[in-house]
Amino acid sequence: MVASNNKLRAIVANQINKYYPNAKRICEIGSGFGGMARYVARHTNARVVGVENMPFSAFVSRFLDVFSKSSTVWGDAFEYLRNTREPFDIGIAYLGPKLTPMLKDYGDKIRVLISLDFQIPNMKPIRTIDLGYGNTVYHGKKYPHKVFIYEF
């Protein structure tokens, strides 16, 4: 699990407010302890659902959700997306280079995907924001801090 930093959180909320101000339903896919979900819920007009498959992380996030307009679901995010009845306006993911590309198969469940640090190969984002510093190290490989935004 990689926790998002405050700069990444602020960029995500700013992008939502600037380009998708009418977004009402947001899903954070792999929400960990829920920091991004709670931040986005506080700084946008949307309701945010975080989906986390690690029991302890989901438990902590649910506890902290009491103070926010976000909520956490414990379970597999891909299964959750498959079974959702109403599409999400936005999905936020900080998953890694193997899982992030799988999200392109959920375009009927997510209208916009905001991916942190990991892009979807062979799919051009509509916007890329380079933080200009830092990186995520995943299995020994460095991925520069960037935000990739895709519209399905």
Side-chain angles (χ1 to χ4, degrees), residues 1-131 136 145-152:
M1 175 173 51
V2 179
S4 58
N5 65 46
N6 284 335
K7 179 122 181 173
L8 283 171
R9 293 173 187 177
I11 287 171
V12 169
N14 289 338
Q15 289 294 301
I16 292 168
N17 287 325
K18 183 175 182 179
Y19 294 100
Y20 312 103
N22 297 322
K24 296 296 176 214
R25 286 176 37 91
I26 297 175
C27 181
E28 186 186 3
I29 304 151
S31 59
F33 294 120
M36 173 70 79
R38 285 187 299 281
Y39 187 96
V40 169
R42 272 194 315 273
H43 292 90
T44 68
N45 292 318
R47 184 98 173 113
V48 182
V49 174
V51 184
E52 175 56 45
N53 68 348
M54 300 301 292
F56 181 73
S57 299
F59 172 79
V60 170
S61 187
R62 281 182 174 174
F63 176 78
L64 295 172
D65 286 343
V66 172
F67 309 105
S68 173
K69 63 177 182 173
S70 66
S71 60
T72 302
V73 174
W74 173 37
D76 179 87
F78 294 101
E79 183 179 326
Y80 181 81
L81 288 173
R82 268 192 303 277
N83 294 322
T84 191
R85 292 185 183 138
E86 184 181 346
F88 287 94
D89 298 309
I90 298 172
I92 303 168
Y94 199 0
L95 296 177
K98 292 182 181 177
L99 294 178
T100 299
M102 294 171 59
L103 292 170
K104 69 182 176 191
D105 297 332
Y106 293 85
D108 61 330
K109 302 294 185 173
I110 305 168
R111 294 184 178 117
V112 174
L113 173 65
I114 300 174
S115 178
L116 308 178
D117 292 353
F118 305 101
Q119 64 186 110
I120 298 174
N122 304 317
M123 188 172 176
K124 187 175 180 182
I126 62 160
R127 278 184 305 287
T128 301
I129 300 158
D130 188 340
L131 273 64
T136 295
H145 282 320
K146 292 184 180 182
V147 175
F148 300 95
I149 301 172
Y150 301 91
E151 291 182 356
F152 295 109

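- Scanning all heavy atoms of the two residues, the minimum distance from Val51 to Tyr80 falls at CG2-CD2, 3.5 Å.
- Ring pair Phe33/Phe56 is perpendicular by interplanar angle, where above 60° counts as perpendicular and below 30° as parallel.
- Of the possible polar contacts, none joining the Tyr106 side chain to the Gly91 backbone as a donor-acceptor pair under 3.5 Å is found.
- In this structure the side chain of Val147 reaches within 4.5 angstrom of the side chain of Leu116, judged on heavy atoms.
- Side chains of Leu8 and Tyr94 form a contact here, defined as non-hydrogen atoms less than 4.5 Å apart.
- Heavy atoms from other residues, nucleotides or ligands lying under 6.0 Å from CG of Asp130 number more than 12.
- Counting all heavy atoms, side chain and backbone alike, Val112 lies closest to Ile110 at O-CG2, 2.8 Å.
- Side chain to side chain, Glu151 and Tyr20 meet the donor-acceptor criterion of an N or O pair below 3.5 Å.
- A donor-acceptor contact shorter than 3.5 Å is absent between the side chain of Glu52 and the backbone of Ser57.
- Between the Lys146 side chain and the Thr128 main chain, no donor and acceptor come within less than 3.5 Å of each other.
- When all heavy atoms of Phe118 and Thr136 are compared, the pair lying nearest together is CZ-CG2, 3.9 Å.
- With hydrogens and angles ignored, the 3.5 Å screen pairs no side-chain donor or acceptor of Ser31 with any backbone N or O of Gly34.
- You'll find the side chain of Phe152 reaches within 4.5 Å of the side chain of Leu113, heavy atoms only.
- In terms of modelled atom types and a separation under 3.5 Å, the side chain of Arg25 and the main chain of Glu86 share a donor-acceptor contact.
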Assess whether side chain to side chain contact (heavy atoms under 4.5 Å, CB included) is satisfied between Met123 and Phe148, documenting all intermediate values.
-> CA-CA 11 Å; Met123 188 172 176; Phe148 300 95; over 6 Å; no
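- A salt bridge links Arg111 with Asp89: the closest approach of a Lys/Arg side-chain nitrogen to an acidic carboxylate oxygen falls below 4.0 angstrom.
- Using a 4.5 Å cut-off on side-chain heavy atoms (C-beta onward), Arg9 and Val40 make no contact.
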Sequence neighbours left out, cut at 3.5 Å: what donor-acceptor pairs do the side chains of residues 96-104 make with other protein atoms?
| residue | atom | partner | partner atom | Å |
| --- | --- | --- | --- | --- |
| Thr100 | OG1 | Gly96 | O | 2.7 |

Decide side chain to side chain contact (heavy atoms under 4.5 Å, CB included) for Phe78 and Asp105; before the verdict, give the C-alpha distance in whole Å, the side-chain angles of both, and the deciding distance to 0.1 Å.
-> CA-CA 10 Å; Phe78 294 101; Asp105 297 332; over 6 Å; no
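- Thr44 approaches Ala13 most closely through the heavy-atom pair CG2-O, 4.1 Å.
- In this structure Ala41 satisfies the side chain to side chain contact (heavy atoms under 4.5 Å, CB included) test together with Val48, Ser68, Lys69, Ser70, sequence neighbours excluded.
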